[in-house]
Amino acid sequence: MSRIYIEDLHRHVGEEVTIRGWLYHKRSSGKIRFLVVRDGTGLLQCVMVKANVTEEVFALSDALTQESSLAVTGMVKKDDRAPGGVEMEITSLSVIQIAKEYPISPKEHGVDFLMDHRHLWLRSSRQHAILRVRHQIISAIREFFDNRGFILMDAPIFTPAACEGTSTLFETEYFDMGKAYLTQSGQLYGEAGAFALGKTYVFGPTFRAEKSKTRRHLTEFWMVEPEVAFNDLKDNMELAEDFLEHIVASVLKHRMPELKALERNTKFLENVKAPLPKISYTEAVDLLKAKGVNVAWGDDFGGADETVISENFDRPVIVHHYPTKIKAFYMKRDAENPETVLAMDVLAPEGYGEIIGGSQREDDLDALVQRIQEHQLPQSAFEWYIDLRRYGSVPHAGFGLGVERTVAWICGLDHVRETIPFPRMIYRLTP
RNA sequence: UCCACAGUAGCUCAAUGGUAGAGCAUCCGGCUGUUAACCGGAGGGUUGCAGGUUCGAGUCCCGCCUGUGGAGCCA
């Protein structure tokens, strides 16, 4: 016998079925009880009328507490009075466990309390909606690259050295070999992959020990990083805009009920179609100056600056050709203007900030070694990476997309802490 | 790390320097269509910790702890 889930109940109207799940909420009125049951796929209002069940079953419903596990059996009926339009008329009920007093009530709670109870908070409908959208985004990411012949290439999490700034590494003892570090990015390994397999993507968790305490930061977050041999900056930007279009279209196609539950205005999401608007860093600085922001050419943009830039567009905007000195060592300098690199960031609209950062990579051996020295990085740790420029180096490019910021943007959340099941932040390691 | 704000019942919050309270949750009772149901009743407190001022401190002062929002840094 196949198991029936709440999300499929509209196909079982008129049948007697059994649903196993948890009590989400209960309302009682003398001789009639309304049990709202959840099973992970949705919520179902179950109506228990005293005359229709045995005394034992009716008494059992009195003992049910919020989140008690149970199985309900009854007739599935269409009823406009029920949330979801379908309800169950209970004929039988069995209790699996009576839950202890559940800490999360239907009333409001503070952020810290909810984060302390994250393992239970995940059961609420808002968190359901977010995690389903996250799932859809991850699914769309893999679908996009898989359909284009990219090979998933996992990068290591223990690494011998930094690829971004050195001050933001989590370190750990690695037997008698000294320190190992948790990866900040799989990109360098992705480059090795691109030279082996042509087009690859790295997808996994990354770690930054930045003491950032903002709505956009986690210490552990997921990143997907495509890397393509023979791609230049233009190819890279085109890949990024096709990629974003695909992700957003997939969520709009499959997760509208969740976006509605999150009260997400999808107007801007529907605009996410390639090609996206593109401006150079220099144009972005001029734009900021015209808006009265005090910036100079060569400054990196802060979160507020990114918001001002993105407010000029009704869809994500690509900013390219950043100053060399504010970007990573592996980015290729523009031959026409070595003060800039062939970098590009994608800024999400509505103030959600940078969701993609990428570049064409430095493929020249001498230039790369020089950049490593300029950044005072330990060259020995990068010998394998430099090797890629010794043996058949070619132009190549890639980018990284932060999954949590993308989820926050698409869901319209005001903080990334709700975009991942168990967020890791500067002051939170549990649950 | 820096700046600002906060910490009172299980939760969300009140309380002019003068008897610590409400709603929800819990428990008891009532109600045959509820939608965060409603109505009546009950229990529930070392006011974050440690000092100080005062006749008297949840309230004022000092230090610490924890958290929230933001900055810098970044995806």
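These numbers were taken from a predicted model, which means no experiment stands behind them. Each chain gets a letter, A, B and so on, in the order the sequences are listed, and its residues count up from 1.
Residue A:Thr168 places no side-chain atom within donor-acceptor reach of the base of B:rC73, judged by atom type and a 3.5 Å distance cut-off alone. Donor-acceptor pairing under 3.5 Å, judged by distance alone, is present between the side chain of A:Lys213 and the base of B:rG69.
Residues from residues 412-421 of chain A lying near RNA chain B, meaning a heavy-atom separation below 4.0 Å, are A:His415, A:Arg417 in numerical order.
Residue-nucleotide stacking is not present for A:Tyr427 and B:rG67, judged by a side-chain ring centre under 5.5 Å from the six-membered base ring centre and planes under 30° apart.
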Practice task
Please step through ring-ring contact (aromatic ring centres under 6.0 Å, His included) for the pair A:Phe195 and A:His396, ending with a clear verdict.
Solution key: CA-CA 9 Å; A:Phe195 282 18; A:His396 60 294; 4.6 Å; yes
Handout entry: Bracket string, RNA chain B, 5' to 3' - pairs by Watson-Crick or G-U geometry under 3.5 Å, | interstrand
Key = (((((((..((((....[..)))).(((((.......))))).....((.((..]....)).)))))))))....
Can you check nucleotides 27-31 of chain B for protein contacts, nitrogen or oxygen pairs under 3.5 Å, and list what you find?
{"residue": "B:rC31", "atom": "N3", "partner": "A:Gly30", "partner atom": "N", "Å": "3.1"}
{"residue": "B:rC31", "atom": "N4", "partner": "A:Gly30", "partner atom": "N", "Å": "3.4"}

Distances under 3.5 Å between nitrogen or oxygen atoms of protein and nucleotides 6-13 of chain B:
{"residue": "B:rC11", "atom": "O2'", "partner": "A:Glu108", "partner atom": "O", "Å": "3.2"}
{"residue": "B:rC11", "atom": "O2'", "partner": "A:His109", "partner atom": "ND1", "Å": "2.5"}
{"residue": "B:rU12", "atom": "OP1", "partner": "A:Gly110", "partner atom": "N", "Å": "2.9"}
{"residue": "B:rU12", "atom": "O4'", "partner": "A:Glu108", "partner atom": "O", "Å": "3.4"}

Distances under 3.5 Å between nitrogen or oxygen atoms of protein and nucleotides 20-22 of chain B:
none

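Under the salt bridge (charged side-chain N to carboxylate O under 4.0 Å, His left out) criterion, A:Asp363 pairs with A:Lys332, not counting sequence neighbours. Residues passing the salt bridge (charged side-chain N to carboxylate O under 4.0 Å, His left out) test with A:Arg118, sequence neighbours excluded: none. Taking A:Arg417 as the reference, nothing meets the salt bridge (charged side-chain N to carboxylate O under 4.0 Å, His left out) condition, with sequence neighbours excluded. For A:Arg142, the side chain to side chain donor-acceptor pair (under 3.5 Å) criterion is met by no residue, not counting sequence neighbours. Taking A:Asp300 as the reference, nothing meets the salt bridge (charged side-chain N to carboxylate O under 4.0 Å, His left out) condition, with sequence neighbours excluded. With sequence neighbours left out, the side chain to side chain donor-acceptor pair (under 3.5 Å) criterion links A:His128 to no other residue.
Within 4.0 Å (heavy atoms only), A:Asp345 reaches no atom of the nucleic acid at all. Among the atoms of the strands shown, base atoms are found under 4.0 Å from some heavy atom of A:Leu218.
In this structure, A:Phe399 and A:Phe243 have tilted ring planes: the angle between them lies in the 30° to 60° band.
Annotation: B:rA57 and B:rG17 have their P atoms spaced 14 Å apart (nearest Å). Remark: the separation of the C1' atoms in B:rC74 and B:rU12 is 35 Å, to the nearest Å. The gap from the P atom of B:rC3 to that of B:rG52 amounts to 28 Å, rounded to the nearest Å.
Applying the salt bridge (charged side-chain N to carboxylate O under 4.0 Å, His left out) rule to pairs touching residues 57-81 of chain A yields A:Arg33-A:Asp62, A:Arg38-A:Glu67, A:Glu67-A:Arg123, A:Lys77-A:Glu89, A:Asp79-A:Arg81, sequence neighbours excluded.
In this structure, CE on A:Met153 lies 10.5 Å from CD on A:Glu225, to the nearest 0.5 angstrom.
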